[in-house]
Engineer: 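I have a structure here, written as C-alpha cells, and I will follow up with some questions on it.
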Amino acid sequence: MRIAELSSPDSPSNHHNHLLSQIDSLIKQIEPPTPTLSLPENISSDLRQTLTQLLQLSPYPNSLKLHIWKLSYRLWNACVDISNAVSICPSPHSSSPSPSLASVAMLRHIAADMLSLAVDVTGVPSPVVKSASFYYKTGLVWNDLRNFELASTCFERATDTVSKLDASKISDAGERKLLMDLNLARSRTAWEASDRSLALTLLNRAKSLLFGSSDHLKLLASQYLAFGKNALSKNDNNEGLKLMNEALELYEKGLSAARTRDQTMELKELRSKTLRFISAVHLQKGEYENVIKCVRVLRQGNDGEQHASLPVLAMKAWLGLSRYGEAENELRSMVVNKGIPERVWVSAVEAYFEAAGTAGAETAKGVFLGLLGRCHVSAGSAVRVVHRVVGDADAAGCVQGSEVRAKVVADLVSDERVVALFAGDAAAKERMAMHAILWNCGSGRFRSKDYETSAEMFEKSLLYVPSSMGNRALRAKGFRVLCLCYLGLSLLDRAQEYINEAEKLEPNVASSFLKFKINLERKDHVGAINQIEAMKMCLDFTPDFLSLSAHEAVACHAFPVAVASLSNLLNFYTSGKPMPTTEVVVLRTLVTILSQGPGNEPEVLKFMKRAHARVSELGTRCFFGKDETGKREQNWFAVTSWNFGTQCGKEKKYELCADFLRLVPDFYDGLLDGEISVTVFKSLVLTVSAMIASENQKQIALVDDEVKQAVVLLDTAWKILTSISMDKRLLDDQITGIEPELFFMYTFNALEIHGRIDNSGPLQLLLVKKFVSSNASNPKYLLQIGLCASQGPRANHEVAVFALNESLSALLSSPSPNYKEIALILRRLIAVSTIHKGDSDDDSVHNIYKQAYRIMVGLKVGEYPTDEGKWLALTAWNRAALPMKLGKVDTAKKWMSVGLELAEKVDGMETYKACMTDFLTAFEKNIQLQTNG
C-alpha cells in the first residue's frame, strides 16, 4: 500500500464514504414521500445491511459522526413526512394497521440506531438526549402497532443511552420530562406485554425522576391509576386497590407541589376520581367501613358539592353494615337531590330493596308504607306508587333485580291496610287498575320464565277480583294461569288444585287441556290419552286443541300421546270443521314421530296406506297441495316410503319392505320424469325381490294372486324402462339409464316369476336375450342367471345353456379371465347337457370336455383350478366305463383319450397319467389282437 492511500485519523476512509454514499442514495429514494405512500422494496433491509457494515468500521472520526448525524435526521424527517402523508390518506382497511406504518416504524428504528453510532459526536448539543429521544419516539410507534417486543427494545436502548447522564444535574425541563416519559412508556409496554412486575418496578424507579414537579407527579399518579383501573377490569381487586392507593398518594403530593389554581383544581378532580374508585373497590370487597371513610373524605373536600355516586356508595355501604337507618337517610337525600340522575336513584332504590328483602320483609314493607304515606295514601295513590315501583319494563319481565321489587310489591299489595283502600264500588276503577298492574307484572315474569314470582303476582291480583257472580270467568282465568305457573315450577299437586278450582267456576276445554298437561308432566301417558277423549266432549272444543296437545306431547317426548292426539285429529278431516292444519301435514308428522322409535314400521305403514287411500279418494292436488308445496309433500311421502322399504329390506323384514316399496309408484303419480322414473322402476323391481325373499324367509309359496301382482309390477317396470329408453332415443336392443345391477335384478325376478307360469319358457329365453344385448350384461350376472335356470323345480334348460355359454364367451374374451368361474360354468354345462341331452356318447357333452381342454392348453401350472381340472380328467375317463361294457370300443377310446389329454394339463396327476397311459396302451393292444386274431 502506498503512503498516499492511507487516510488520516480525522478523515473518513474511502470505504466509509462508500457506505455513507449508499445510505444517502437510499434515503433519497423516500425523500419526499411518494403520492402512493408506497416504499421502495427492500429499503429497510438494504439500510440495515449498510448500517451493519458501517458499524464494523468503528471508531469514526468526528467529521464522519456529523455526517452520520445528518443522515439520521434526514431519514427521520422522511419518516415523519411519510407518517403525515399516511394520516392524511389513510389505508382503506382502517380496522387493522396499514402495512406501510410498520415499514415506516422500521425506518425510524434504523434512524435511531444510526444516530446511536454517533452519540458521542462533538459539536451537537445534548446528543445523548437526542439519541434517546429518537429511540423513545420509535418505541411509542412500535407500541401503537402492538409490537411490544420492538417497543421494549427501543425503550431499553433509550434508557441505556440516558443512563450515562447524571439526572440530578439535568436542569432542562424538556430533558427531565423525557426521562419521566421514557420510564412511563417503558412501564406501559411491559404492562401490555403482561410483565406486571417489570412495569411496577419501572414506575417505582420513576419516583426518582419527579424533581418536585406537580406535572411529573400527576403523570406518574395517572399511570398508577390507569394500571389500577386495568387490574380492576380483570377482577384483580387487590392489585387494583394497591395501585389506586399509590396514585392517591402521588396526587396528594402533587397538590402540595402545585403552583397554579388550574393545577390544583385538576389534581383535586383526579384525587376525587381516584378516591371514588377506591371506595368502589372497598364496596366490592365488602369493606364497608372503608367505603364510609372514603365518602366522608370526599364530602369534606368538595366544598359541599357531591358527585352523583357518593350517596349511592354510602347507602350501599350502610346496607352492607346492616345500618338501615343511615341507608334510608342516604336514600331520602337522593330523592331531594335534583342533581342525581334518575337511573342512579333507581339503582339505589333497587339495592336498598334487595338488602331490605334479605333482612326481612317487614323492613321492606315499612319503607313502602312510608312511601305510600308520603303519597297521601288512597286507592289512586297506591296504584301510582305500585306502578312506579313495578315499572313498565318490570311488567315485561326484563329488569335486573325485578324479582326483589316484585316481592316487595307482593308484600305491599297483600297488606290489609292497602287492600282496604280498594273496597267498595267507589274504588272499582282503581281496583281494576291495580289488578291490571299485578296481572301484567305476573305476565312479564311468566314470559321470562320466572314462574315463582309470576305465581305470586297472579295470586295477589286475585285479591283485587271480587267473588261476585260477574267475576267468575276472570277468577277462573286467574286459577288457570296459576296452574300454568306451578306447572312451570313442576309443583304438580298445586297445579292440580288450581285447575280443579277453575273447573268449578268455569268448566271448559282450556281447563281440560291443562289437566292433560299435568298428566304429561307426571308421565301418565294413559291418563293423558284419556284426557284427550275428555277434551273432545267439551262444548267449546275445537280440533286446534288436538294439534296443541300433539305439540305438547312431542315437547315432553311423550310420543304415544302425540300419536294418539294426531290420530284423533285425523278423524275430523271428514267432519267439515275448520282444521288447524292440512291432513297431509298431520300424516307427515305422525310418520315422523313414529320414525323415531324402533319397531314402529307396522304403524308407519298403516298411516302411509291411509295417506295413499286419501290420495286415491281426494286426488293428488287436493291432498298434497298445489304447485311446489304439493310437489314437496308428494316427494316426501314417496321418499319416506322408499327409505322405510329399503331399511326394512336391510333388516330382512321382507314383507314390510314389499308393502312400503309398493306405495312409492303411487305417491310419485304424475311426477314420472327423469330420476323419479328410475326410482319408480327401482321400487317396482325391489318390491318383487322383497316378495320372493319373503317367500323364502317364511317358506310359504306365493299364491296365484300374488304371482299375478308380481307380473303386473314387472310389466309396469318394463313399460317405464321402455319409456326411459325411448326418451334417450336408444336402439331396441340397447337399454341404458338404469344401473346394470337393477336391470339384472329385473331380469332375474322376471325369470323367477314367469317360471311359475305355464308355457313361459320362450318368454324367459327372450328376457335373457334382451339382457344379453343390453349394456347391463356381464359374465357374473349371466352366470347367476344360468345357475338359477339350471336348478330347482322351475329349471329352464335352454335359458341355462344360453346364459352359461354367453357368460363363458364373455369370460374367455376378457384380458384376464377368471378361470374359477370358467371352471364352474363348464362343470354346470356338463351337468345340464348330461341331464337333458341323453346318453353318454352324446357329442355335445364330449365337445364341452374338448373345449375345456382347449382352454387349458397354454395355461400356467395352477392357473386353471387344479380340483376342477382333476374333476374334468377323471369324469371324462370314467365316462368310458359304460361304452366299454357295452362293447362300444370307439366311444370308450374317445373318452379315455380326452381324459388322458386333460390329465396331462393338470398338475399333480402324474400317477393318474401313468396308469391311464398304461391302461390305454393295453386296451389298444387288446383291440389289435382281437382284430388280428
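A quick note: this is a predicted structure, and the numbers were derived from the prediction, not measured.
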Engineer: Any non-hydrogen side-chain atom of Y486 less than 4.5 Å from a side-chain atom of E497?
Structural biologist: no

Engineer: If you count heavy atoms of other groups shown closer than 6.0 angstrom to NZ of K631, is the number above 12?
Structural biologist: no

Engineer: Distance only, no hydrogens: is a donor on one side chain within 3.5 Å (strictly under) of an acceptor on the other, for S443 and N440?
Structural biologist: no

Engineer: Measuring from L702:CG to I692:CD1, what's the distance to the nearest 0.5 Å?
Structural biologist: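 With rounding to 0.5 Å, CG (L702) is 7.5 Å from CD1 (I692).
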
Engineer: Keeping to residues at least two apart or across chains, list the salt bridge (charged side-chain N to carboxylate O under 4.0 Å, His left out) pairs with something in residues 600-611.
Structural biologist: E601-K653, E603-K606

Engineer: Would you call the rings of F446 and Y451 parallel, tilted or perpendicular, where under 30° means parallel and over 60° means perpendicular?
Structural biologist: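 Plane angle over 60°, so perpendicular.
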
Engineer: When you look at K698 and E655, which way does the salt bridge (Lys or Arg N to Asp or Glu O under 4.0 Å) test go after all the steps?
Structural biologist: CA-CA 10 Å; K698 296 189 295 185; E655 187 174 3; 3.5 Å; yes

Engineer: For the atom pair CD (E651) and CZ (F644), what is the distance rounded to the nearest 0.5 Å?
Structural biologist: 9.5 Å

Engineer: CG of L474 to CD of E506: how many Å apart, nearest 0.5 Å?
Structural biologist: 10.0 Å

Engineer: Give, for atom CD of Q496 and atom CG of L487, the distance between the pair rounded to the nearest 0.5 Å.
Structural biologist: 9.0 Å

Engineer: Which residue pairs satisfy the side-chain hydrogen bond (donor to acceptor under 3.5 Å, both in side chains) criterion with at least one member in residues 573-583, sequence neighbours excluded?
Structural biologist: E583-R614

Engineer: Got a sec, which residues hit salt bridge (charged side-chain N to carboxylate O under 4.0 Å, His left out) with R431, two or more places apart in sequence or on another chain?
Structural biologist: none

Engineer: What is the ring orientation for F624 with F637, classed by angle as parallel under 30°, tilted 30 to 60°, or perpendicular over 60°?
Structural biologist: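 F624 vs F637 ring planes: tilted.
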
